Each structure stands twice: as structure tokens, then as C-alpha cells.
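Nothing fancy with the numbering, it's 1 onward along the sequence. Given the structure is predicted, the values throughout are model-derived calculations rather than measurements. Hydrogens, waters and symmetry mates play no part in the numbers below; they use all other heavy atoms, side chains included. We count ligands from 1, going down the list as the structure has it; atoms in each ligand are counted the same way.
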Amino acid sequence: MSARLIVVSNRIPSEATPSGGLVVALHEALREKGGIWIGAHPETGPEEPALIDMGGTQYDKLAFRLTEEDRAAYYLGFANSVLWPIAHHRTDLVEINRSFDEGYLRVNRRIAEQMAEVISPEDHIWIHDYHFFPLAEELRRLGVTNRIGFFLHIPFPNITDLDVLPDPPAFARWLAHYDLVGLQTRADVARCLEMFRADPRAEMLPNGAIKFGAQEVSVRSFPIGISAESFARAAQDCAPPPAHELFGDAYVIGVDRLDYSKGLPQRFRAFERYLETYDTGPRASLVQIAPPSRESVRAYQEITADLQQIAGQVNGRFGEVHWAPIRFLHRPVPREEIAGLLRGARAALVTPLADGMNLVAKEYVAAQDPDDPGVLVLSRFAGAAEDMTEALLVNPHDVDETATAIRRALTMPLKERRARHAACMEVVHATDTGAWARSFLDQLAACTPALRITGRAAEWLRGEEGREFDPGAHRSISKEEV
Ligand code: GDG
């Protein structure tokens, strides 16, 4: 019998057939292998003794309940006011608060305890993202010896930024308790290995894995993608009316969760510079879709106010009675509508200051008509830029460079547009979500986890239990030794 799959992610899709690349890939993998999808319950409430059944059909969906206090400390606090800014090079935005790290560890420990009640020894466990770094360590503490993989969707932090964590040495130890750590790019892997190399507790093994005390972990890149075909279909089915009826000669588009990592003020300023510098070129508008996210975190409130102010300023300066240069939609737009708007845009501005991958870059490419495609202007700091080298790559901090790229995109000859689009499309196909999930899970299955010491012996090793245990047991035993 093949191993069941246990997926853990902060959000579980509520619909029976989910949409959106990542959730679709995980949904398909779970349908194929059977198993459980574990995530946070959408509503906070009093602490529950066990995971809550959310009523899945083809596989089980189970939720852990967060109290209001947990949500403030674990989700808004440590995950989004400490780990997120650290990973996105914004240590100036980190909020240090003892209750955040206590809450983060408390919630991870509770999830581990509740998970341990529902997993079987042969299950493969796949944990997603920065909400759960310590989860494998907590599971191991409870004697869970299963293969456990972890995928980080956001950039791997710079090694010096990790020192901002309240307990910096814990970070490498958390990761070492996984069998496989998946990251978005080769550059992320390099940063992660740099961290382990600098750590006296870690030993780099000839097979590329890292030995860390009794643990052994492999670190590899698995660039995430989208479900290209279905996105292209949605874009075709929902193409918007010709641009001139809506926006002037042409429009360029941005689609981002409203987040300070996405470089939106710099993008608006670059578009202003385009209007200032190239007013003889095509008259273009910027359509920016930016649904709110994490609004209770202060840094997110500030960025929203900044953007509204810049958009107002640019529109006041360049707008006309029947035309506004920036259309800023600060609300969610249905997926099909986004697909159609992406297809109709002559260029996309995907200009984050830091981004794990950025799926919008791939969605824009997939949405284009290959015979008459638009041009992707892409930040060098998006994970997507590592492979999509035929996009117009820019430094998003440099508003002149981005303004020039907008001009170049809007005036690019058809032949060059087609060639660049075809090259980007190859990357989109190569990283299709189905292939991404399969390749991670195959690698995880191929890991030969060390035989782990569990139960009382493990407690003894940690110095938490009786003294009488045999000290000779204090080593990891690889499968080959058995
Ligand atoms: C994290 C990492 C990594 C946006 N607005 C609306 C909407 N969207 C959709 C986009 C896209 C998705 O949300 C955003 O994905 P990104 O990859 O751009 O960014 P994050 O949300 O920050 O995701 C990132 C990703 O995880 C996957 O690993 O690439 O680096 O930060 O699909 O189209 N969708 C709808 N309405 C909107 O208003 N329906």
C-alpha cells in the first residue's frame, strides 16, 4: 500500500474543487494518494482538545483551532511581524514581543500533539511555509519518525538577518528536523547552506545532505509554478474589451496582495516617471489590483495609506476629465476577471523588492496570446527571475530603469515580443504545479531518514527524563547500519 499524504498549510481550501495553482496541486496530490489536509480553522474560538473535522470527501480535512490570543501571537505576531519581514529583508519592521515567540511555539506544539493522534507510521508529511518551522521538531519530540518534508514559499532569509530572531540558533535546529527542505530557487538553497556551513553543530555530508546532531536533512530547490493550461483557458474565456474602450491606448497591469514586499510605491513612482519622461509614447494607464491583506498589522496599514496618497498625487498631476493614469483597486477581483485583464495588458509590472517566486509573473505569461503577446517587466528580486531571464529584468528600486522598461515594453516589435514570450512560456511549462508537487514528493519518498530514537530514550537524551538510560544509545543509526 502506498504511503498516505499529510499536508499541513496555514489555510485549507473550503471548496470541494479548489481553484488557484498551489491548492489545486496539493488537492490533486491528496486525491491521488489519499490522506489528510490540515490547516487553521477560519474562525478563532476556545482551545479544542483535538483537530476538528472539516468534512472532506476525497480525503480528510482537519483544522486546528486558534484562540484570539494565538492568532495575535502566532499568526499576526511571530509569523507575520517577525518571520515575514526577516525573510523579505525588512528587519526594520520586525516587532519583538516575548508573547509572539511563546505563542508561535505553543501553537506549533499543540498542532504537533493533535497531529500525532491522527497520523500512521507510514504517512509522508508535507508541511508548508513559515508558520510551521518548528513543527517537525515538535513531532519528533513526540516520537514521530515519519518522513517529513517542508516547503518554504518565501525567500530564505539572509544569514545576518536571522540574528534578529529572539533565539537565532533555534532556526537551523528547526529545519534540521525535516528530512527534506524545499526552497523556491537555487539562490535560496545557497543561503540555507551558508547558514548550515556557518553553524558548528552542522556537518556537510559528501551526498550534499547536512548532518545536525542525530538529524540529517537535504535542501533542494523546487521552483513553484501555476497550472498553465487552465489559467490560459480562463484568460481566453474572459478577455476584456479592447483597451482603448477602457483605459486609453493601452494599459499595463499589476496584481499583488497589498504587501510592502511587492514594491508598489516604487512601481507607482516608476509609472509617474514614465508619464513624465515619455509623454510622446503610447498613452498608457496602470491598472493595479491590490486586495488588502493582514490589515491588523501596522506595517500593512502604513503601506496602504502611502499608496493611496501616491496614486492620488499622480492622478491629480497627469489625469484628465475622462482619463486617470492609475486605476488602483484595493479589493479582491474574481480570478477569471484577473485572467482576462492580464491577457489584455500590453505589459505587466511584477516588481517586488523581494519575493519567493511570484506567481503573477507566470500567470501573465500563460494568459498571453502567443501570436501577439504582451511583455513582462520583472524584478530581479523575484524568485521567478532566476529562470525567466527573457523577461525585461529591472531593479525595482531604480525608478528610471523601470520607467525605461515600461517604454521599451510598450514599443517592442512583435518579433521580439514573441521570442521573449516563448522563452518565458517554456519556464512556465517546466514548472507546472503538478510536476512541482510530484517532484517534491518523489524526493521525499527517496529520503532514507535516520532511524530515530523516540519515547523515553529520546526524553533521556534531552535530559528531560530518568537518568538510568543507556548512554550508548546517544547516536543516530542510519538505515544501512541495521
Ligand atoms: C507566496 C509568496 C510565492 C492576487 N490578487 C487577487 C488574486 N491574486 C492571486 C494572484 C496569484 C496569487 O494571488 C499571489 O501569488 P504570489 O506568488 O504573487 O504572491 P503571495 O501571495 O505573496 O504568495 C510568493 C507564492 O507564495 C507561492 O509559493 O510565489 O513569492 O510570497 O495567484 O493571481 N486572486 C484573486 N483576486 C485578487 O484580487 N482571485
Side-chain angles (χ1 to χ4, degrees), residues 7 9-11 13 15 18-26 79-80 83-90 126-131 150-157 182-185 187-188 221-228 230-232 234-235 238 253-264 267 287-294 297 300 303 327-343 345 348-367 376 378-379 381-388 427-428 431-433 436-437 440:
V7 168
S9 65
N10 189 57
R11 218 173 57 79
E15 61 277 30
S19 60
L22 169 64
V23 278
V24 169
L26 296 174
N80 285 311
L83 292 169
W84 179 275
I86 284 179
H88 292 88
H89 323 310
R90 291 299 305 270
W126 190 7
I127 294 169
H128 288 261
D129 236 359
Y130 56 102
H131 314 88
F150 179 80
F151 186 79
L152 183 64
H153 291 256
I154 65 176
F156 194 88
L183 303 171
Q184 297 274 26
T185 65
D188 288 308
S221 68
F222 299 88
I224 199 169
I226 59 164
S227 174
S230 81
F231 200 85
C238 196
I253 194 162
V255 179
D256 309 75
R257 248 182 341 90
L258 209 162
D259 193 295
Y260 51 79
S261 65
K262 303 290 183 183
L264 296 173
R267 186 181 304 170
V287 177
Q288 176 64 55
I289 297 165
S293 74
R294 304 168 197 166
V297 176
Y300 288 75
I303 184 87
R327 316 269 176 123
F328 174 36
L329 277 70
H330 184 39
R331 59 177 167 77
V333 170
R335 187 168 182 74
E336 296 66 35
E337 217 173 293
I338 290 190
L341 281 166
L342 286 174
R343 188 177 175 89
L349 300 184
V350 178
T351 54
L353 307 178
D355 217 330
M357 177 56 60
N358 198 300
L359 295 180
V360 176
K362 298 189 175 182
E363 289 167 352
Y364 178 69
V365 170
L376 173 62
L378 180 60
S379 161
F381 307 123
E386 191 167 87
D387 291 324
M388 292 177 112
V427 178
V428 173
T431 57
D432 197 87
T433 32
W436 170 80
F440 185 95

Answer with yes or no after comparing the ring centroid distance for Tyr300 and Trp84 against a 6.0 Å cut-off, counting only values under it. no
Which residues satisfy the side-chain hydrogen bond (donor to acceptor under 3.5 Å, both in side chains) test with Tyr260, sequence neighbours excluded? none
Mind telling me whether Phe222 and Phe151 have parallel, tilted or perpendicular rings, with 30° and 60° as the class edges? perpendicular
What class does the angle between the rings of Phe440 and Trp126 fall in, given that below 30° is parallel, 30 to 60° is tilted and above 60° is perpendicular? parallel
Residue that, paired with Pro223, satisfies side chain to side chain contact (heavy atoms under 4.5 Å, CB included) out of Glu386, Met388, Met357: Met357
Sidechain-backbone polar pair: Thr351 side chain, Ser379 backbone, donor-acceptor under 3.5 Å: no
Residues lining ligand 1 [heavy-atom distance under 4.0 Å, listed by chain and residue number]: Trp84, His153, Gln184, Ile224, Val255, Arg257, Lys262, Ile289, Pro291, Pro332, Val333, Arg335, Ile338, Asp355, Gly356, Met357, Asn358, Leu359, Val360, Glu363
